[in-house]
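For reference, the structure discussed in these notes is given below.
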Amino acid sequence: MGKRKKKDTKKELLEQKRIKFQIYESFTAIIATIVTMLLAIITAVLSWID
């Protein structure tokens, strides 16, 4: 019974690490999208000025 509890805690720790990784991945994707949009806006404004 003690071994089963240990496996459960390892599973929970791995699940928590996976969730944290997914959160960081989501934030990275959001930031990349925002940067891409800003660059597109800047490019459009610069081409409109010329």
Side-chain angles (χ1 to χ4, degrees):
M1 192 167 189
K3 289 183 179 181
R4 184 173 220 170
K5 181 73 172 178
K6 192 172 184 181
K7 285 183 181 179
D8 289 343
T9 56
K10 283 184 181 180
K11 265 188 176 178
E12 289 174 7
L13 287 174
L14 286 173
E15 185 72 17
Q16 289 175 356
K17 285 184 180 181
R18 187 178 65 84
I19 290 171
K20 281 185 181 179
F21 180 75
Q22 287 178 341
I23 290 170
Y24 292 143
E25 188 179 14
S26 297
F27 282 141
T28 304
I30 290 169
I31 291 171
T33 304
I34 291 170
V35 168
T36 304
M37 289 173 64
L38 288 174
L39 288 173
I41 292 169
I42 291 170
T43 304
V45 168
L46 289 176
S47 65
W48 180 67
I49 290 173
D50 288 338

Working to the nearest 0.5 angstrom, can you tell me the gap between [X] [atom1] and [Y] [atom2]?
{"X": "D8", "Y": "E15", "atom1": "CG", "atom2": "CD", "result": "12.5 Å"}
{"X": "I42", "Y": "M37", "atom1": "CD1", "atom2": "CE", "result": "12.0 Å"}
{"X": "T33", "Y": "L38", "atom1": "OG1", "atom2": "CG", "result": "11.0 Å"}
{"X": "I41", "Y": "T36", "atom1": "CD1", "atom2": "OG1", "result": "11.0 Å"}
{"X": "K17", "Y": "L13", "atom1": "NZ", "atom2": "CG", "result": "7.0 Å"}

**Item:** Cluster check I19, F27: I/L/V/M/F/W/Y, side chain < 4.5 angstrom
**Value:** yes
